[in-house]
Structure formats: C-alpha cells, structure tokens
Amino acid sequence: MLLLKLFFAFIQVGMFSVGGGYAAIPLIQEQIVNIYGLMTLEEFSDLITVAEMTPGPISINSATFVGMRIAGIPGVLLCSIGCIIPSFCICLILAHFYYKYRSVGGVQIVLGAMRPAVVSLIASAGASILMLGLFQAELREVVVGELRVVELGIFVVALFLLRKYKVSAIAIILGSGVVGTVIYALLGAI
C-alpha cells in the first residue's frame, strides 16, 4: 500500500509540476510531508538539499531520495517512474503541438500567462526552504527570536557573491559547508 501511495503521489507531482524541477518541490512537500506524513519537514528539507547538490534534475533527484528514504529500492523505482511518466507523455504531446502551432499568437499569449504562476511556485519552494534554514520552521510557524544567525550570515554572503560576482554555485555550496563547519566548531569550543 505504501508503494502505491508513493507511486500515485509522484504521478501527481509529475503531472502538475509546471515550470521545472523547482516547481515540483512544493508539490512533493505537499504529498510526502503534509498529506501522507511520510517525512517531517526537516527530513524533507535535508533530502532536497542533497538532491540539489547532486547532478541531474532536482525533481528526479528528489523523487529518488524520497523513494529511497521511505521504501528502499522499490521506492526509488516507483517514485522516479511516477515522476517521469506524466511529464514524458505531456512533453511529447506538447512538443508535437508546439512545433505545429508555434507561430500562432494565442500560443505565445498562453505561455506568457503561465509564467507568473510558475514564478510563484518556485518562490514558494524557495521561501519554504529559506524559512526552514533560518528558523527550523515553516513560514507560518516562524518565531523571530529563533533566527539562526550563522545561517542568515552564510545566506546573505552567498547571495551577494552569487548576484554581484557571479561566483560558481559549486564554490558557494562547498564554501558554505566549510564556513558553517568552522563556525560551529569554533562555537562548540567556546
């Protein structure tokens, strides 16, 4: 029964994650954390962090890690296949129609109208992960006094380096890990 839940959860994720892998994160969270309660938000955030750092599409990596965490190899297979099948079929159909009708003005209007929704899905996922990283809580549970100052500092510096100097994301990830480890090692020694 658990494997069927996982499969159908990721079929829904694959069907409705319009906008790419980052748009899938809130959908995966809704299915796995909120609806089925198969993981805590903190466990989910940790898996998303690892999925982000590994090569490949974030939605497939997330499906793979969630499947492995919950049900082992059968979970990996069913979550990954469930995530891939809908988008594969939809892409085939849409590619056919897009290449046939791409010069029609209505197609461009529909695509333009979908952009704000996609941006909001990505922003929602980013806000959830940011709040979890800075407060260890969801947005609706944030207590300002529980702000994690070290994480906030790393976030601000990383964002500055990414936007201002276009530092490589790999260097930011590795540097953040080293800086965080050193800071917490020093804080633990005090």
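Since we're looking at a predicted model, the values are computed, not measured.
Within 6.0 Å of atom CE in Met39, more than 12 heavy atoms from other residues, nucleotides or ligands are found, so the atom counts as buried in its surroundings.
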Q. Are Thr54 and Phe65 close enough, and set up right, to give a side-chain contact (heavy atoms from CB on, under 4.5 Å), and what steps lead you there?
A. CA-CA 11 Å; Thr54 55; Phe65 284 115; 3.8 Å; yes

(Q) Assess the residue pair Arg102 and Val107 against the criterion (side-chain contact (heavy atoms from CB on, under 4.5 Å)); give the C-alpha distance rounded to whole Å, side-chain angles, the decisive distance to 0.1 Å, and a yes or no. (A) CA-CA 6 Å; Arg102 68 179 169 229; Val107 171; 5.5 Å; no

Q) Stepwise, does the side-chain contact (heavy atoms from CB on, under 4.5 Å) test hold for Leu111 with Tyr98? A) CA-CA 11 Å; Leu111 292 175; Tyr98 178 75; 4.2 Å; yes

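For Ala71 against Leu2, the heavy-atom pair with the smallest separation is CB-CD2, 4.4 Å. Counting all heavy atoms, side chain and backbone alike, Leu3 lies closest to Gly75 at CD2-N, 3.9 Å. Between Ile28 and Ser59, the shortest heavy-atom distance links the atoms CD1-O, 4.4 Å. Residue Val13 comes nearest to Ala24 through the heavy atom pair CG1-CB, 3.9 Å, listed as atom of the first residue, atom of the second, then distance. Scanning all heavy atoms of the two residues, the minimum distance from Ile25 to Phe44 falls at O-CZ, 3.6 Å. For the pair Glu42 and Leu132, the tightest heavy-atom approach, listed with the atom from each and the gap, is CA-CD2, 4.1 Å.
Atom CD of residue Glu43 and atom CD1 of residue Ile70 lie 8.5 Å apart, to the nearest 0.5 angstrom. Rounding to the nearest 0.5 angstrom, the gap separating the CZ atom in Phe155 from the CD1 atom in Ile172 is 11.5 Å. Here CD of Gln31 is found 10.0 Å from CZ of Phe16. Values are rounded to the nearest 0.5 Å. Rounded to the nearest 0.5 Å, atoms CG (Leu78) and SG (Cys83) are 12.5 Å apart. A distance of 11.5 Å separates CG in Leu161 from OG in Ser168, rounded to the nearest 0.5 Å. Here the CG-OG1 distance, from Leu77 to Thr64, works out to 9.0 Å after rounding to the nearest 0.5 Å.
Linking ILVMFWY side-chain heavy atoms closer than 4.5 Å, directly or via other members, places Ile60 and Leu27 in two distinct hydrophobic clusters. In the hydrophobic cluster analysis, where Ile, Leu, Val, Met, Phe, Trp and Tyr join through side-chain heavy atoms closer than 4.5 angstrom, Tyr165 is grouped together with Leu162. Grouping the Ile, Leu, Val, Met, Phe, Trp and Tyr side chains by contacts below 4.5 angstrom, directly or via other members, places Val179 apart from Val157.
Contact check for Leu134 versus Glu151: side-chain heavy atoms found under the 4.5 Å cut-off.
Here the side chain of Thr181 pairs a donor or acceptor atom with the backbone of Gly177 at under 3.5 angstrom.
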